[in-house]
Each structure stands twice: as structure tokens, then as C-alpha cells.
Amino acid sequence: MKAIYFAWVRERIGRSDEEITPPASVANVEDLMVWLTRRGEEYAHAFENPKVIRVAIDQNHVKHNAPIAGAREIAFFPPMTGG
Amino acid sequence: MKAIYFAWVRERIGRSDEEITPPASVANVEDLMVWLTRRGEEYAHAFENPKVIRVAIDQNHVKHNAPIAGAREIAFFPPMTGG
Amino acid sequence: MVTIRVQAEDFDPTVETAVLTKGRTDVGAIVTFTGLCRDEGGMLNALELEHYPGMAEQELARIAAQAQERWPVQGIVIIHRFGKIPPGERIVMVSVSAWHRSEAFCAAEFLMDFLKTQAPFWKRQNLGDGTSGGWVAGKEADEEALERWNTK
Amino acid sequence: MVTIRVQAEDFDPTVETAVLTKGRTDVGAIVTFTGLCRDEGGMLNALELEHYPGMAEQELARIAAQAQERWPVQGIVIIHRFGKIPPGERIVMVSVSAWHRSEAFCAAEFLMDFLKTQAPFWKRQNLGDGTSGGWVAGKEADEEALERWNTK
């Protein structure tokens, strides 16, 4: 699946998107953030406070307990500040 | 003082304004409407339901118990429907 | 900064609200209400708006001053037309600028509620067959809309 | 009738709201919110708006659909800019047309409250000295503004 990062999540990780292939044991969004955190310091920094991270699967907002099975695109970003 | 009429009050009375000289016994707006009513059928028609008539003295909204002493301009009109 | 105009001519809301932002960069929100002549049943030829010249402007200014007392607004524009206005045309606009959106929304709605019931304008229907449909009656709902501002 | 646009270019609210009234005479009220880039302390060079292309439009459309479910609105226009926006320039507009003013006011305020917290846009400050003032933090007040719509 494709992971996309926005705003300071993108800046901390140092890229705007990438292909990821988490193992089957990574079932939901929360699991995925833990798994990403292990990829390196930049990920650990981005996800240091996972509660504030908002997530969208296939361009729909989801909660952290949402399953990721079948997701094509999963986005991580801070609280939105448009308008 | 000058009396001014708007909307259907004006239409019923058949004029838009006139000079009036009520006697000293006509103390407030309510008295004045009673006094005007006696001026003829057209006035009686305009003021047949005095409660719905709105009044302004010198271009300020007033209640029916407002004194008219010193008024230069007194306007009678139905509830407003602008906007 | 308050602009009040009572006029027969139409107006462009963007042009009229430009005064709210001209030469300043501290405005965060503008809420603009535009009221249009609405033809509910296809019967209306035009609305004819009568007003009390002098008092109309004064009363709108008093309503604007009340809004300024209640909320930290930066500027207000009120334009109200009179005369014959065909369906689809603008009748009134009220625009409020403020630092934040919540004040701008509140003040704009307050201005419209008071304008509807306190500003000396009267609407008469001019029907498609050339006859008068009579004077538009004041609405109970408009009077009720005023009351909620007493409790806030 | 819903128009959603996400674009870098500025826009003219009067031009953009024309679609709400074109060819119809049953619109009574239009409420238009315009959000501007505000420079509080004279420090800001520009806001830089990042967005999630695709989802931004989709999410705005979903918010518009929710407003349509709640109130009898006739039309909605939402335009949100991205990229570098200097102080004083428009960032966003939301416009709602309806038969009556109360629905138009409610729906416009609802749209803004949801847009602020649900539409995937992020603001970064670009300061006058060329440095970044960092990402604008989400406001508690904006989250709270959402909650009142649950009880209505």
C-alpha cells in the first residue's frame, strides 16, 4: 500500500509518500503506526505522540482502530488547520 | 407638528403627510391616534386596530405611551417588512 | 467603520465589501448576507419597497451600533434598496468583518434579525397581471427571531 | 447544486456565487463566508497552505452533503485555496443559498466549522525575515465549535 504524509509528519519523515508492505500481523491503523515507528528515528519522531496523528484510508477519515486490510492509500497528518 | 404615514396607513388615509395641531389634552401617542381617528372615516380605517400601528417620533421608534410634547415629526406605519 | 446606504440601484457585494479590507491585513473573517427578491409561485412581477427616508439610514446605523457593542467586529456594511425590485434581484446586503468567524456570523445574523423588524421599509407585491398583491405582512417568525438575542 | 473547488488562484465571491441564482427566482437568502489571511503582529510574510489533493475536494463534498441533509438549502459553493497566500488575501469562501435566511446562516456556519477541522488543509507561517514560523496548531475552540452541532 501507499503511505502518504502531510505537514510536519511529512517533514519529520523526510518524504511525502512511499510504498510500504507491512506484515499480516499489522491489522489496524494503530498497529501500523507502531510498525512505522520502528523504521527509524525520523519515523519515531513523526509518531512520537500517536494520539495527535489523524489518518485517512483511501481518502476517508478513519479512527486508529480501523482495519487496514485492503487499503490502497493510507495518509498520516496532524490536525487540520484549513479555512 | 408634521404627521407622516407609510404603507397601508398612508394608503388608507390618502395622503403621505400633513401638518396637525392636536390640542394640549392629547398627551401621548395613544391619545393622538384616538384624536386622528375622529378626523374622518379614512383615519378611522387606518387606525381601526391601533395595536398594530408602529410609531416614530422625530425618526425614533417609540411606544404608544410616549409623550408627544415637543415632537416635530411623528410617523405612523405598519410593522416593518424590509430585508 | 460603518457604511450605511439606502438606494434604488443594485450593488455588487464584492465591490461593497472591499472597504472592509482595504489597506489592512488584520481581518480574518467576513460574513455577507444577501437578501433577494423571491418569487414563490411565479406570480410576482416585482416587489415595491417603500421606506422612510432619513429614518431608514438612522435606524440602520443604530442597529449597526448595537452590533458593535455586542461583538468585537471590525467593520459593517449595510445596503438596502428601495423602489421596484423584480424577482432574482438583490434587495439588501449586510456584511461584517471581524478577527474571527464566530463574531462575524453572530453579528451578521443579529443585524438581519433587527433590520427585518426595526428598519422602516415596507414591501408590496406587484403581481404579474398588473394588480397589487397587497402589502407583505410582518412575520411572527421574524419577531421571534429578535427574542433570542435578549437571552444571549 | 454543489460547487467545490480547490485552487491556487484568488477568486471573486460575487462571481462565484452567481451560479447560485442564475436562471432562478426562488432564492431568498445567500450567506457567504470569506476567510482571509490575517497578520496579527505584522510578522507574517505569507501563509503556506498544504493540502491533500483529491481528498480535499472529496471531504469538502462530504461536508456539503451533510449540510444539505440537515437544512433545506438550495445550493452550496466552497472554494479553498492552497499555496502561498499573503496577508489580506482570501483563503476560503463558503456560500449557501436558501429560501430563508435562518437556514442559510446555519448551514454556512456548520460548513465552516466542519471545514476547519475535517478538510485536509494545513497552514504554515512564512515570516517576514524569511524563516518559517512553523505549522499553525489546531485550535481547541475549533474542536469545540464542532460539538454544538451534535446537540442541535
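Within every chain, numbering begins at 1; the chains are lettered A, B, ... in the order of the sequence lines, protein sequences first and strands thereafter.
In this structure, the portion of D/Thr21 lying under 4.5 Å from any heavy atom of chain C is its side chain and not its backbone. At a 4.5 Å heavy-atom cutoff, D/Ala141 makes no contact with chain C through either its backbone or its side chain.
For the residue pair D/Ala29 and C/Phe33, the shortest heavy atom distance occurs at CB-CE1, 3.5 Å. The two atoms that bring C/Leu36 and D/Ile30 nearest to each other are CD1-CD1, 3.9 Å, heavy atoms only.
Interface summary for chain D: among C/Gly88, C/Gly42, C/Gly23, the most heavy-atom pairs under 4.5 angstrom belong to C/Gly88. The candidate with the highest count of non-hydrogen atom pairs below 4.5 Å against chain C, out of D/Ser97, D/Pro87, D/Pro86, D/Ala145, is D/Pro87. Heavy-atom pairs under 4.5 Å with chain D were tallied for C/Leu44, C/Val92, C/Val96, C/Asp113; the largest tally goes to C/Asp113. Across D/Ser102, D/Gly35, D/Ala108, D/Ala104, the residue that shares the most heavy-atom pairs under 4.5 angstrom with chain C is D/Ala108.
Annotation for C/Met43: atom CE does not count as buried by contact number, only 12 or fewer foreign heavy atoms lying within 6.0 Å.
When each of D/Val94, D/Thr34, D/Asp142 is tested with C/Arg101 by the rule side-chain contact (heavy atoms from CB on, under 4.5 Å), just one qualifies, namely D/Asp142.
How far SG of D/Cys106 is from CD of C/Glu109: 6.0 Å, rounded to the nearest 0.5 Å.
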> Given C/Val31 and D/Val31, is the side chain to side chain contact (heavy atoms under 4.5 Å, CB included) satisfied, shown in steps?
Replying inline: CA-CA 7 Å; C/Val31 172; D/Val31 172; 4.1 Å; yes

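One N or O on the side chain of C/Arg38 and one on the backbone of D/Trp99 form a donor-acceptor pair closer than 3.5 Å.
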